[in-house]
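Heavy atoms only: backbone and side chains are in, while hydrogens, waters and symmetry mates are out. Note that ligands are numbered from 1 as they come in the structure, with each ligand's atoms numbered from 1 the same way. For this chain, numbers begin at 1 and follow the sequence in order.
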Amino acid sequence: MKELTIVHTIQELQELLNGHRRQGLTVGYVPTMGFLHEGHLSLVEQARQHNDLVVMSIFVNPAQFGPGEDFEAYPRDAQRDAGLAAEAGVDILFMPSAEEMYPQEGGIRILPGAQAAELCGASRPGHFDGVLKVVLKLFNIVDPDRSYFGMKDAQQLAIIETFVRDFNLRTAIVRVPTVREQDGLAKSSRNVHLTELERMEAPAIQRALQKGALLVAEGAKVKDIEQQVADAIVKNSSGSIDYVSLLAYPALTRDIDNTNEVIIACAVKFSKTRLIDNIIIPLKG
Ligand code: AMP
């Protein structure tokens, strides 16, 4: 196992990285909010394959949580995370405090465009402002050659790709497929907040999305597909629907006549947590 270095301050991290860069090493970066699972570790695996050095950050970013959301309850376990990161081959683990990341508030905001109008952007107002804010800071701090993001958060990934392109950010963005439990449930830090029964029901989400994909292939109408996916989730679980939407990907618009791929994405609320998942479907012709 390689040695893991844990740093808590921006200065420490940058001193360390400057040394490595002088030797010409490439840096792969995996931003996370911690409570690591195999989804996060598959990002690390990819980063290891493409880069000399892997940096992971763990920061539960207050700016991307709205009032009444689960910032306080978000699962955290720094010690366990450090062990998993070391095992997975992370070289540098950056775990800043909120004071380190946000020492003062100058009031400048970064606003996402139309890609944030639907899905979580609609049901979590301001969420992607907070994501872009922290992502820009982290990219500037780490200055990675490549950054790794999971398709489980497909809207976040699409918005970040646009951000990087529109603002000429130096990092390349690498998409990583969603890692699932054996029964199809997308791995998520929030899964620990499911009750035993909800955990048994939750694979219904992916099953419903797969059914939606079949309906797309059969040429069903968008509204019917959304309705059938929502019905299947409600019928087979105690979750309630936040949204089920079929959109062009990665544009995330309702115009699906001019896209190579569509996404069916959903958010489902259980008693103590809200889960998201999606399926990407290539269109023929
Ligand atoms: P989070 O800690 O939940 O903010 O996630 C950090 C990164 O890991 C994001 O790029 C997520 O999309 C990615 N990620 C989370 N869950 C999974 C998963 N099940 N499979 C692949 N990537 C994931």
Using a strict 4.0 Å threshold on nitrogen-to-oxygen distance, state whether [X] and [Y] make a salt bridge.
X: E69; Y: K269; answer: no
X: K223; Y: E226; answer: yes
X: D277; Y: K152; answer: no
X: K133; Y: E105; answer: yes
X: D70; Y: R190; answer: yes

Exercise. Given G150, P31, G34, which one has a non-hydrogen atom that is nearest to atom 13 (C) of ligand 1?
Worked result: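 Ranked by closest heavy atom to atom 13 (C) of ligand 1, first place is G150.
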Exercise. Out of M151, H40, M33, who gets a non-hydrogen atom closest to atom 5 (O) of ligand 1?
Worked result: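 Shortest heavy-atom distance from atom 5 (O) of ligand 1: H40.
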Closest protein heavy atom to [atom], given as residue, atom name and distance to 0.1 Å:
atom: atom 14 (N) of ligand 1; value: D153 OD2, 4.2 Å
atom: atom 21 (C) of ligand 1; value: P177 O, 3.4 Å
atom: atom 20 (N) of ligand 1; value: V179 N, 2.8 Å

For this session: Using a 4.0 Å heavy-atom threshold (strictly under), name the region of L43 that reaches ligand 1: side chain, backbone, both or neither.
Result: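 For L43, the contact with ligand 1 is made by the side chain alone.
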Seminar exercise, completed: Under 4.0 Å between heavy atoms, the region of S189 that gets near ligand 1 turns out to be neither
Where ligand 1 meets [X] - atom numbers and elements under 4.0 angstrom, heavy-atom basis:
X: T178; result: 19 (N), 20 (N), 21 (C)
X: F149; result: 10 (O)
X: T32; result: 2 (O), 6 (C)
X: K187; result: 16 (N), 17 (C), 18 (C), 19 (N)
X: Y74; result: 3 (O)

Exercise. Is the Lys NZ or Arg CZ of R76 less than 6.0 Å from the centre of F59's six-membered ring, within 45° of the axis?
Worked result: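 No, cation not above the ring by the 6.0 Å, 45° rule.
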Exercise. Does R199 make a cation-pi contact with F270, if we ask for NZ or CZ under 6.0 Å from the ring centre and within 45° of the axis?
Worked result: no
For this session: Please state whether H37 comes within less than 4.0 angstrom of ligand 1, counting heavy atoms only.
Result: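 It does, in that a heavy atom of H37 comes within the 4.0 Å cut-off of ligand 1.
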Exercise. F59: heavy atom below 4.0 Å from ligand 1, yes or no?
Worked result: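 No, F59 has no heavy atoms under 4.0 Å from ligand 1.
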Problem set entry | Stepwise side-chain contact (heavy atoms from CB on, under 4.5 Å) test for Y74 and N61 | CA-CA 10 Å; Y74 196 85; N61 172 35; over 6 Å; no
Exercise. Are F94 and H8 near enough that their ring centres are under 6.0 Å apart?
Worked result: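 Distance test on ring centres: not under 6.0 Å, no.
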